[in-house]
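When reading the values below, keep in mind they use all heavy atoms of this one structure, side chains included, and skip hydrogens, waters and symmetry mates.
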Amino acid sequence: MVTTKGVDTSPALPVVGRVLVIDDHPAARQSMVEVLRCAGHQVSACSSAVEALRLIERETFDCILTDLKMPGMSGLELILQLEKRGYPAPVVMITGHATIQTAVEAMRHGAFDYIEKPFSADQLERLVEAAIRQKRTLGGETTGPPGVAAPQLVGSSPAMQAVRRQIAQIARTSETVLICGETGTGKEVVAREIHTQSPRRRGPFVSVNCPALSASLMESELFGHEKGAFTGADSQRIGRFELANGGSLLLDEVTEIDLGLQAKLLRVLQERTFERVGSSRSITVDVRVLATTNRNLEEEIAAGRFRQDLYYRLAVMVLWIPPLRERKEDIPELAEHFRMRVSQRLGREVPPLASEVVALFMEHDWPGNVRELENVITRLGVLSDSGPVPVEQIRRWLIPSPKLSGSELPAGIPVGMSLEEMERRLIEATLEHYGGHRAKTAKVLGIGVRTLTDKLRRYGYAPREKSFHRAGAEKRLIGS
């Protein structure tokens with residue numbers, strides 16, 4: 001843990017929640033339960049869709065994992081039932097029989113994403129965390145197909161009113177949009193709002209978390225692959241561009257895409273045509289592309305990390321999301337919004353924020369933006385069960401702005417230490433904090449997994465094993 005004058009600067013906790021696993025195969029079901037519980041989730045399990053429907057009448061979940069092929073009611077039929085009931089939990093489809101028809105049909109009727117067997121523990125953890133994060137970012141309000149429910153852009157400041165006006169103008173078109181802003185400002189919420197207000201709102205909204213994928217996996221994820229295209233390609237994979245046909249595709253943190261793949265992406269943006277990995281057959285799609293970035297693209301282009309021609313293709317329309325420190329008048333409204341959501345998740349009333357707590361929030365610069373505020377409100381809500389949390393304790397949770405004088409250097413960082421050595425110590429400490437979990441480490445550091453892996457390789461770390469071992473789970477791929 002790194003501290004500054006008694007200020008706790010520990011990374012934000014991973015996103016965890018209540019998860020329901022539905023699979024008629026006992027071994028696969030138990031493996032998923034163990035992996036997710038080890039990641040900190042509260043997990044329930046059912047062996048059939050009918051049993052699951054009875055359970056959700058009594059309990060609420062943040063994410064549902066369901067197998068596609070099950071006796072009686074299939075996973076797709078379950079999704080249709082959840083859609084009719086307006087059940088708000090995002091659904092992840094588990095399948096070893098993926099076809100474009102099944103995947104698109106599932107996503108049109110409320111599925112967040114799908115994952116093919118066999119898959120690793122890390123893949124499962126990342127997908128569940130992304131689904132829960134989306135639910136909480138959008139306020140957990142789902143009443144139909146993805147994109148039909150209105151994501152919540154909270155805030156009445158002039159800056160947010162200007163963003164809403166721009167969204168309304170941009171949404172009417174089918175032009176490519178580049179959404180820029182610091183980490184945690186709500187760029188994905190804005191992307192979903194553009195889709196919601198567009199003529200494509202009845203089509204699928206498909207998201208790709210670019211930092212979470214290595215360069216070797218990204219091409220297959222975007223364009224799909226044929227069976228036997230490479231080692232481990234045991235079945236055909238439908239890529240995100242195909243899944244998004246007729247709707248919108250979000251490339252989240254697009255600057256993390258490898259330079260070689262950027263050239264192929266440029267061609268798709270120009271011609272809306274591509275080939276799956278291992279195939280020579282061209283596929284044409286009708287997709288609106290939305291992209292986000294938290295980086296300065298001019299600097300990325302100058303450093304040779306991002307193609308200038310790709311930038312021009314993405315930046316047909318550019319939308320800047322202001323950081324929270326530039327719209328502090330929205331803080332009380334956001335804090336109340338998050339307090340109500342935490343109360344709903346915990347099943348008890350979280351007390352309203354005291355005036356001195358709101359004043360503290362108004363003084364803070366929020367380098368983590370809206371996401372940091374949400375994490376603080378969540379922590380405050382959980383700990384308020386035993387009484388009001390003292391203001392001084394809340395103050396220690398707030399990450400200080402990077403404005404340190406020589407006399408205010410954090411403990412353990414001697415004057416004269418190089419920036420390179422300081423970066424290495426921070427990375428190693430964060431990696432140790434998360435038990436070697438690279439995806440979580442990269443997320444809290446605000447860098448891509450590929451960037452983190454390159455740095456660790458320079459530090460002499462061995463490559464990460466492909467297999468997993470979680471709380472007694474078998475050291476193999478789930479569903480293999």
Side-chain angles (χ1 to χ4, degrees), residues 1-17 40 62 129 132-133 136-137 139-140 152 154-157 159-160 182-186 189 322-405 407-413 426 429-430 433-434 440 443-446:
M1 179 184 296
V2 181
T3 60
T4 305
K5 294 281 187 179
V7 179
D8 185 352
T9 60
S10 299
L13 294 175
V15 175
V16 295
D62 296 304
E129 182 172 337
I132 294 174
R133 185 179 293 281
R136 294 177 181 173
T137 300
Q152 292 182 292
V154 179
S156 305
S157 64
M160 286 306 295
E182 296 176 7
T183 298
T185 50
V189 177
L324 189 53
R325 64 182 175 275
E326 294 181 7
R327 56 181 186 107
K328 285 192 172 183
E329 56 266 58
D330 289 333
I331 289 175
E333 187 177 348
L334 282 163
E336 177 63 14
H337 171 73
F338 292 138
R339 184 188 73 84
M340 296 294 290
R341 275 183 18 194
V342 172
S343 297
Q344 185 178 24
R345 292 205 302 271
L346 296 178
R348 60 176 173 82
E349 180 69 14
V350 174
L353 302 181
S355 57
E356 57 266 30
V357 175
V358 176
L360 174 63
F361 288 172
M362 296 295 286
E363 294 171 2
H364 186 52
D365 277 344
W366 301 104
N369 292 294
V370 178
R371 186 176 300 152
E372 182 190 354
L373 175 61
E374 180 181 14
N375 288 343
V376 170
I377 297 293
T378 300
R379 188 182 302 181
L380 190 154
V382 171
L383 297 181
S384 67
D385 190 28
S386 56
V389 180
V391 175
E392 286 309 309
Q393 182 173 343
I394 298 173
R395 191 186 302 275
R396 290 195 293 271
W397 297 342
L398 303 182
I399 301 172
S401 299
K403 300 174 183 176
L404 299 174
S405 67
S407 62
E408 297 175 323
L409 288 172
I413 300 182
L426 175 61
T430 308
H433 177 85
Y434 283 109
K440 292 176 181 176
K443 181 177 292 186
V444 299
L445 291 173

Visitor: Is there a side-chain contact between Ile331 and His364 in this structure, where contact means two heavy atoms from C-beta onward sitting under 4.5 Å apart?
Guide: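 Side-chain contact under 4.5 Å: no.
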
Visitor: Indicate the atoms forming the closest heavy-atom contact of Gly155 with Met160, along with that distance.
Guide: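 Looks like O-CB, 3.7 Å.
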
Visitor: Could you measure the distance from the OG1 atom of Thr430 to the CG atom of Leu445? Nearest 0.5 Å is fine.
Guide: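 If I round to the nearest 0.5 Å, the distance is 4.5 Å.
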
Visitor: Report yes if some heavy atom in the side chain of Val376 is under 4.5 Å from a heavy atom in the side chain of Trp366; otherwise report no.
Guide: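 Yes; the side chains approach each other to less than 4.5 Å.
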
Visitor: Glu349: which residues meet the salt bridge (charged side-chain N to carboxylate O under 4.0 Å, His left out) condition with it, sequence neighbours left out?
Guide: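 In terms of salt bridge (charged side-chain N to carboxylate O under 4.0 Å, His left out), with neighbours along the sequence ignored, Glu349 is linked to Arg339.
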
Visitor: Kindly compute the distance separating CE (Met340) from CD (Glu336), expressed to the nearest 0.5 Å.
Guide: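 Going from the CE atom of Met340 to the CD atom of Glu336 covers 6.0 Å.
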
Visitor: Do Trp397 and Asn375 come close enough that some side-chain heavy atom pair is under 4.5 Å?
Guide: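 Side chain of Trp397 against side chain of Asn375, heavy atoms only: no contact under 4.5 Å found.
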
Visitor: Output yes when a side-chain donor or acceptor of Asn369 lies under 3.5 Å from a complementary backbone atom of Pro323, and no otherwise.
Guide: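 No: the side chain of Asn369 does not pair with the backbone of Pro323.
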
Visitor: Is the shortest side-chain heavy-atom distance between Asp330 and Val154 below 4.5 Å?
Guide: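 They are not in side-chain contact.
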
Visitor: Kindly indicate whether the side chain of Pro332, heavy atoms from C-beta on, has any atom under 4.5 Å from the side chain of Met362.
Guide: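 The answer is yes, as the side chains (C-beta and beyond) meet within the 4.5 Å cut-off.
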
Visitor: What is the minimum heavy-atom distance between Asp385 and Arg348, and which atoms define it?
Guide: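 Closest approach of Asp385 to Arg348, heavy atoms only: CB-NH2, 3.4 Å.
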
Visitor: Report yes if the side chains of Val350 and Ile377 come closer than 4.5 Å at any heavy-atom pair, otherwise no.
Guide: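 No; the side chains remain at least 4.5 Å from each other.
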
Visitor: Quick one: list whatever passes side-chain contact (heavy atoms from CB on, under 4.5 Å) with Val391, sequence neighbours left out.
Guide: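 Checked Val391 against side-chain contact (heavy atoms from CB on, under 4.5 Å); matches are Glu356, Val357, Leu360, Arg395.
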
Visitor: Check whether any side-chain heavy atom of Leu380 lies under 4.5 Å from a side-chain heavy atom of Phe338, and answer yes or no.
Guide: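 Not touching, per the 4.5 Å side-chain cut-off.
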
Visitor: Given Leu324, which partner from the list Lys328, Glu326, Arg327 fulfils the side-chain contact (heavy atoms from CB on, under 4.5 Å) test?
Guide: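 When side-chain contact (heavy atoms from CB on, under 4.5 Å) is applied between Leu324 and each of Lys328, Glu326, Arg327, only Arg327 qualifies.
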
Visitor: Glu333: which residues meet the salt bridge (charged side-chain N to carboxylate O under 4.0 Å, His left out) condition with it, sequence neighbours left out?
Guide: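 With sequence neighbours excluded, Glu333 shows a salt bridge (charged side-chain N to carboxylate O under 4.0 Å, His left out) to no residue whatsoever.
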
